Amino acid sequence: MVTIRLHNTATRAKEDFVPIDPMNVRMYVCGPTVYDRAHIGNARPVVVFDTLFRLLRHVYGKSHVTYVRNFTDVDDKINATALARKASGDPRDLEALIHERTDETIGWYHADMDALGALRPTHEPRATDYIGQMVAMIQGLIASGHAYEKDGHVLFRVRSYKDYGALSGRSVDDMIAGARVDVAPFKEDPMDFVLWKPSDADLPGWPSPWGRGRPGWHIECSAMSHELLGAAFDIHGGGLDLQFPHHENEIAQSHCAHPDEGFAKVWMHNEMLQVEGKKMSKSLGNFFTVRDVLDQGVPGEVIRFVMLSTHYGKPMDWTAEKAAQAEVTLRKWRGLVAGVEPAPTPLPGVVSALSDDLNTAGALAELHAAAGRGDFAGLLTSARLMGLLTAELGDWVRTLDLSPYADRLAALRSEAMVKKDFAGVDAMKAALMAAGVEVRISKAGVELLPGPGFDAGKLEGLK
RNA sequence: GGCGAGUUGGCGGAGAGGUUACGUACCGGAUUGCAAAUCCGUGUAGACCGGUUCGAUUCCGGUACUCGCCUCCA
């Protein structure tokens, strides 16, 4: 069996991956807070961990991998949208408006991520369905002295967990020294973070031993991963920006709630994405959504290819140039594998590249090599292991019948060959190319293929 | 201030202590009525300074620069 090696953020080393239970390999990845469309940066962890999911399924068997990715549907931004809709005269109650917002956002998320060829995880829990588990976990933490209640808030006592900061490599004292930490009157220590906070009547809330309130963000993932994967599981993933404080807090909560159980064995963090060389951030407003990119005519498969062309552990720059190059390659490959029967197994080179800490760029190089040596069956199967060249993602390569145009062009050309006047042929050729059609004329005849930027509308009147 | 990542040819980007990465772009050739596509081919690298070595882009140390996190953020 192939040995998968993964870079473990917790140990800062590339390690052989040995599942706790090869019959049930378990992975948890922090999912989106569903307050709005996913932006292009959100797509990176989705594609990265989808690729890992596919690799794990290939190695351990499809039914032996459990992948959980949550939806955080408790959030001030969700509330804000719902409150705004209410303020603008919507007669429904707040709860209904919140549900509407989270439901529509989850729908968008599914549609957008499906477009990138990402498989749906085994479970996609919504935080609001696990409030009971969160409350229970918080109660346990209070009972064991790791948390305390003050003024309707429950806080985690960071100083009670000696390894706090180990994942991100910081000491509690350093954090306080340099940083802006939220000093609130109900905190024993500035580093303590919220497990539960009170809700007023205008906000969603759930009953609890500490009054009506809602959970803090970090406890959600601890409760859901425990419920669905158990107290110990194999891989925990997410963006590097979640390493601190989110993952650090998760570790503290889960280890204290379930001492000696282990929690997540391997921590994986994808680096951030930039756009045209600049940091993308909501506060700067220079971000765009996956849907924006799709609507601009960039196929989801192209987005996926671009994501896979950079190793997940390196910062990646999203550029129009990369998307254009990816499209050229995919068009070529789609042409090569058309009608080809997939090979029974993927290429060893591709599997070993992916197994080497998800070296997707190296795997793509292997695909290029396969294309170069004419192994189209191997190319197809291996690309599909990475979620590329799949049937579902193929719609963008248009199979529009251009033969009437080809016939017309061929006729014009024959005529021109006799008359030695090529003006008419050249005019039609130029028009076809302006419409994004690739014109191939050879002794074998005339062949037309839709190319990058193909616009059927520009073909009007060319017949 | 603390923690971390990166720097390969025009662009993207991989592996390996010693032989062409690869893709894309450009250039040359074949082909073509001309092109496109295709095929063939040339050129363009390893931030900087040291060290180890017969030999380093690849290992070690330092310098510079870039970037990220430390605050809701994937």
Side-chain angles (χ1 to χ4, degrees), chain A residues 9 12 29-33 35-36 38-49 69 72 75-77 165 167-171 173-182 217 237-246 248 269-274 277-284 287 305-306 308-317 319 321-329 332-333 335 349 352-353 356 359-372 413 416-423 425-426 429-430 432-433 437-444 446-449 451:
Chain A
T9 314
R12 274 144 245 267
V29 175
C30 293
T33 301
Y35 63 93
D36 206 347
H39 59 68
I40 189 74
N42 289 313
R44 172 116 105 141
V46 172
V47 172
V48 165
F49 291 106
R69 185 182 62 207
T72 294
D75 180 78
D76 287 339
K77 288 189 274 287
L167 179 73
S168 53
R170 18 188 129 206
S171 78
D173 295 316
D174 286 345
M175 285 182 248
I176 295 173
R180 297 150 274 185
V181 281
D182 185 19
W217 173 36
L240 188 61
D241 54 341
L242 295 183
Q243 185 184 34
F244 184 89
H246 182 56
E248 203 72 73
H269 292 96
N270 62 277
E271 253 285 3
M272 301 289 97
L273 177 142
Q274 297 185 305
K278 290 183 179 167
K279 173 188 160 75
M280 179 170 67
S281 82
K282 289 168 194 177
S283 52
L284 292 177
F287 75 99
F305 188 103
V306 172
L308 294 177
S309 68
T310 299
H311 187 261
Y312 75 89
K314 286 188 181 180
M316 99 154 248
D317 195 14
T319 65
E321 173 66 22
K322 280 185 180 177
Q325 281 197 11
E327 182 171 338
V328 169
T329 300
K332 195 165 90 180
W333 286 356
S352 66
D356 180 15
N359 182 357
T360 49
L364 290 177
E366 292 290 332
L367 296 184
H368 273 117
R413 183 165 170 273
M417 294 288 271
V418 176
K419 291 187 184 168
K420 299 296 176 198
D421 175 10
F422 296 94
V425 187
D426 289 344
K429 201 165 67 184
L432 285 166
M433 288 166 72
V437 177
E438 194 179 283
V439 181
R440 300 182 182 180
I441 301 174
S442 66
K443 283 173 186 154
V446 173
E447 194 181 359
L448 300 181
L449 296 169

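To find a chain, count down the sequence lines: A is the first, B the second, and so on, and within it residues start at 1. Everything numeric in this text was worked out from a predicted model, so none of it was measured.
Side-chain nitrogen and oxygen atoms of A:Thr319 include none within less than 4.0 Å of the OP1 or OP2 phosphate oxygen of B:G12. Within the structure, a side-chain polar atom (N or O) of A:Arg413 is placed less than 4.0 Å from OP1 or OP2 of B:G33. Regarding contacts with the backbone of B:A14, every side-chain N or O of A:Asn359 stays at 4.0 angstrom or more from both OP1 and OP2.
When heavy atoms are screened at a 4.0 angstrom cut-off, A:Gly41 is found touching base atoms of the nucleic acid. Nucleic acid contact for A:Ala365: base, since at least one base atom lies under 4.0 Å from a heavy atom of the residue. Residue contacts shown for A:Leu273 include a base, since a base heavy atom lies under 4.0 Å away. Note on A:Val425: a base of the nucleic acid sits closer than 4.0 angstrom, heavy atoms only.
Summarising the geometry, the separation between NE2 on A:His246 and C1' on B:A74 is reported as 11 Å, rounded to the nearest angstrom. Following rounding to the nearest Å, A:Asp421 (CG) and B:C34 (C1') show an atom-to-atom distance of 13 Å. Atom NZ of A:Lys322 and atom C1' of B:G10 are 15 Å apart (whole Å). One can place CD of A:Glu321 at 9 Å from P of B:A25, the figure rounded to the nearest angstrom. Atom NE2 of A:His269 is separated from atom C1' of B:G4 by 12 Å (rounded to the nearest Å). As rounded to whole Å, 14 Å separates atom P of B:C73 from atom CG of A:Asn270. When the P atom of B:G12 is taken as reference, atom NZ of A:Lys314 falls 11 Å away, rounded to whole Å.
Both A:Leu242 and A:Leu364 lie near RNA chain B, and the one whose nearest nucleotide falls closer to the 5' end is A:Leu364. Each of A:Asp75 and A:Gly169 was matched to the nucleotide of RNA chain B holding its nearest heavy atom; the match closer to the 5' end belongs to A:Gly169.
Not one N or O on the side chain of A:Lys429 forms a donor-acceptor pair closer than 3.5 Å with the backbone of A:Val439. Proximity of a side-chain donor or acceptor of A:Asp356 to a complementary backbone N or O of A:Asn359 within less than 3.5 Å is not detected. In this structure, the side chain of A:Arg44 engages the main chain of A:Met272 through a donor-acceptor pair within 3.5 Å. Of the possible polar contacts, none joining the A:Gln243 side chain to the A:Glu248 backbone as a donor-acceptor pair under 3.5 Å is found. A donor-acceptor pair is defined here as one N or O able to donate and one able to accept, closer than 3.5 Å; such a pair exists between the side chain of A:Thr329 and the backbone of A:Gln325.
Here the separation of B:G50 from B:G55, taken at their P atoms, is 15 Å to the nearest Å. Comparing B:C26 with B:A36, their P atoms are spaced 10 Å from each other, to the whole Å. The C1' atoms of B:A56 and B:A45 are separated by 14 Å, rounded to the nearest whole Å. Comparing the P positions of B:G62 and B:G6 gives an interatomic distance of 15 Å, to the nearest angstrom. Comparing the P positions of B:A14 and B:U53 gives a spacing of 31 Å, expressed to the nearest Å. The P atoms of B:U57 and B:A47 are separated by 9 Å, rounded to the nearest whole Å. Separation of the P atoms belonging to B:A21 and B:U31 is 30 Å when rounded to the nearest angstrom. Rounded to whole Å, the separation between the P atoms of B:U63 and B:C3 comes to 14 Å.
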Would you tabulate the nitrogen or oxygen pairs shorter than 3.5 Å linking the protein to nucleotides 35-39 of chain B?
unit_1, atom_1, unit_2, atom_2, d
B:A35, N6, A:Ile441, N, 3.4
B:A35, N6, A:Ile441, O, 2.6
B:A36, N1, A:Ile441, O, 3.2
B:A36, N3, A:Val439, O, 3.0
B:A37, O2', A:Arg440, NE, 3.1
B:A37, O2', A:Arg440, NH2, 3.2

Nucleotide N/O of nucleotides 66-69 of chain B paired with protein N/O under 3.5 Å:
unit_1, atom_1, unit_2, atom_2, d
B:C69, OP1, A:Lys279, NZ, 2.5

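The line from NE2 of A:His269 to CZ of A:Phe244 is 12.0 Å long, rounded to the nearest 0.5 Å. To the nearest 0.5 Å, the span separating CG on A:Leu240 from OG on A:Ser168 amounts to 10.0 Å. In this structure, NE2 in A:His311 is found 11.0 Å from CG in A:Asn270, a value given to the nearest 0.5 Å. Atom CD of A:Glu271 and atom CG of A:Asp241 lie 9.5 Å apart (nearest 0.5 Å).
A donor-acceptor contact under 3.5 angstrom links the side-chain atoms of A:Gln325 to the base of B:G23.
Between A:Trp217 and A:His246, the ring planes are parallel. Angles under 30° get that label, and only those over 60° would be called perpendicular.
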| field | Check against side chain to side chain contact (heavy atoms under 4.5 Å, CB included), A:Phe305 and A:Leu364 | value | CA-CA 9 Å; A:Phe305 188 103; A:Leu364 290 177; 3.9 Å; yes

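Here the side chains of A:Phe49 and A:Arg69 are not in contact, with every heavy-atom distance at 4.5 Å or above. A 4.5 Å side-chain heavy-atom check between A:Ile441 and A:Arg413 finds at least one atom pair inside the cut-off. Side-chain contact between A:Thr360 and A:Tyr312: absent, with no pair of heavy atoms (C-beta onward) separated by less than 4.5 Å.
Pairs of Watson-Crick or G-U wobble type, with distances under 3.5 Å, assemble into runs of 3 or more in RNA chain B at these ranges: B:1-7 with B:64-70, B:10-12 with B:22-24, B:27-30 with B:38-41, B:47-51 with B:59-63.
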